[in-house]
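Bear in mind that the values here come from a model prediction, so they are computed numbers and not experimental data. Numbers for residues simply follow the sequence, beginning at 1.
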Amino acid sequence: MPDADEVDEEEEMPLSLRLSIADTLTLGNATCGFMAVYFTTTGILIPHLTGSEETGMARHSAATAVILMLCAAVFDLFDGLVARKLRSSPMGAELDNLSDLISFGLAPAYFVLVYGMVANDAHQRVAAVGAIVVLLAVVLRLARFSCVTVPNGMFQGMPSPFGALTVVSIVLLELPFVATLLAILGTAWLMVSRVEYPKPRGRLAVAMLAWIVVSMGLLAAWAFDAPSGQLLLQTGCALQLVMGAVIPLFATARRVNNFRDNRREARAAQLP
């Protein structure tokens with residue numbers, strides 16, 4: 001039987017050491033990111049280094065790695081919703097940043113690094129630089145998110161989950177190496193920029209979840225070599241890039257319209 005002192009110590013456990021439901025979802029995010037790195041290594045990098053020609057295995061592993069990043073994005077979406085509805089522990093914000101760094105910083109950067117090693121027209125050292133830029137962009141973006149207060153309902157810079165999915169979409173498009181590298185660097189710049197992106201709440205959260213499910217289906221069709229699977233995947237990746245470029249345009253247009261409306265109201269108030 002435990003002593004009474006031990007029971008008292010358990011009851012007086014600091015709140016900062018108690019995990020909430022939202023924290024559990026956040027840890028699921030980190031787990032998915034780590035497993036994405038695992039499948040990228042065992043299914044793509046190691047077969048390439050050992051001279052294996054099992055292209056189907058590499059395709060399945062690439063699809064699995066990206067699907068795990070998509071699952072991490074789902075966990076990241078729901079941990080915020082659960083934290084707002086229920087509660088989050090005092091270390092919830094720190095757990096969220098650390099998990100995002102693994103799933104949306106390390107995993108996509110490693111994906112780019114491995115791409116530079118296995119692609120025929122890629123340059124390994126240049127791709128390594130691109131991977132480092134992606135990783136540092138996510139680090140800076142997460143650090144700034146913790147320190148800077150932004151307008152309610154908006155993100156400053158492309159959110160790291162959206163940026164990670166955009167980076168892997170660029171790689172899966174199989175564009176020429178220079179175009180791929182420039183697109184990856186452009187995505188990294190968007191993550192650290194001051195371009196505004198709306199937070200996924202309400203209908204936007206539902207739309208984002210639906211898009212993730214569709215993306216998983218496209219990846220599965222490509223992995224199992226379904227008819228037109230390659231074309232469907234490339235279409236989905238292209239749409240991901242288009243959304244990354246178009247969404248901030250809508251936010252900018254709304255900001256401009258609000259500014260014009262405020263000027264009109266100010267002028268109207270000055271009139272006698």
Side-chain angles (χ1 to χ4, degrees), residues 26 29 33 69-70 72-73 76-77 79-81 83-84 92-109 111-112 129-171 173 179-205 207-209 211-212 237-266:
T26 303
N29 172 6
M69 292 184 214
L70 289 166
D76 185 62
L77 177 65
D79 68 0
L81 296 175
R84 287 191 290 271
E94 299 299 329
L95 284 176
D96 189 59
N97 276 349
L98 292 172
S99 297
D100 286 354
L101 179 59
I102 296 171
S103 298
F104 312 125
L106 176 62
F111 198 81
V112 172
V129 173
I132 292 172
V133 170
V134 170
L135 179 63
L136 294 181
V138 175
V139 171
L140 292 173
R141 200 224 172 285
L142 293 174
R144 187 178 66 182
F145 178 76
S146 301
C147 302
V148 178
T149 302
V150 296
N152 188 28
M154 301 299 293
F155 283 121
Q156 191 177 81
M158 179 183 285
S160 54
F162 199 90
L165 298 180
T166 303
V167 166
V168 296
S169 295
I170 294 168
V171 174
L173 272 175
T180 299
L181 182 65
L182 291 176
I184 289 173
L185 295 178
T187 304
W189 175 81
L190 282 174
M191 283 193 280
V192 297
S193 70
R194 296 187 178 182
V195 178
E196 293 185 347
Y197 283 78
K199 292 183 178 180
R201 295 178 180 176
R203 294 180 180 178
L204 186 58
M208 180 178 176
L209 182 60
W211 173 246
I212 290 175
C237 292
L239 286 175
Q240 176 73 27
L241 268 66
V242 170
M243 287 192 297
V246 170
I247 288 176
L249 294 180
F250 284 107
T252 302
R254 187 180 67 173
R255 190 173 182 179
V256 170
N257 291 333
N258 290 338
F259 177 75
R260 290 177 178 175
D261 292 340
N262 292 335
R263 289 189 62 182
R264 290 173 184 172
E265 292 176 1

- Calculate, to the nearest 0.5 Å, the distance between atoms CG and CZ belonging to N97 and F145 respectively. 7.5 Å
- Query: Roughly how far, to the nearest 0.5 Å, is the CG atom of L135 from the CG atom of L140?
  - Reply: 9.5 Å
- Note on the structure: When rounded to the nearest 0.5 Å, the distance separating CG of L98 from CD1 of I102 is 7.0 Å
- Where do R144 and Q156 come nearest, in terms of heavy atoms and distance? NH2-O, 2.8 Å
- Item | Distance (rounded to the nearest 0.5 Å) between D79 CG and T26 OG1 | 3.5 Å
- Identify the two heavy atoms, one from P198 and one from I247, that lie closest to each other, and give their separation to 0.1 Å. CD-CG2, 3.6 Å
- Task: Would you name the heavy atoms of A109 and A131 that are closest together and state the gap between them?
- Result: O-CB, 3.1 Å
Give the table of side-chain donor-acceptor pairs shorter than 3.5 Å for residues 237-244, with sequence neighbours excluded, one pair per line with atom names and distance.
{"unit_1": "Q240", "atom_1": "OE1", "unit_2": "W211", "atom_2": "NE1", "d": "2.9"}
{"unit_1": "Q240", "atom_1": "NE2", "unit_2": "T166", "atom_2": "OG1", "d": "3.2"}

- Task: Determine the minimum heavy-atom distance between A107 and G33, stating which atoms define it.
- Result: CB-O, 3.9 Å
- Item | Check: V138 main-chain N/O paired with S160 side-chain donor or acceptor under 3.5 Å | no
- Note on the structure: On a heavy-atom basis, the closest approach of A73 and I212 is CB-CD1, 4.0 Å
- Output the distance between atom CG (L101) and atom CZ (R141), rounded to the nearest 0.5 Å. 13.0 Å
- Gap separating the CE atom of M69 from the CG atom of D76, nearest 0.5 angstrom: 14.5 Å
Side-chain atoms of residues 179-192: list all donor-acceptor pairs with protein atoms under 3.5 Å, sequence neighbours left out, distances to 0.1 Å.
{"unit_1": "T180", "atom_1": "OG1", "unit_2": "L175", "atom_2": "O", "d": "3.2"}
{"unit_1": "T180", "atom_1": "OG1", "unit_2": "P176", "atom_2": "O", "d": "3.1"}
{"unit_1": "T187", "atom_1": "OG1", "unit_2": "A183", "atom_2": "O", "d": "2.9"}

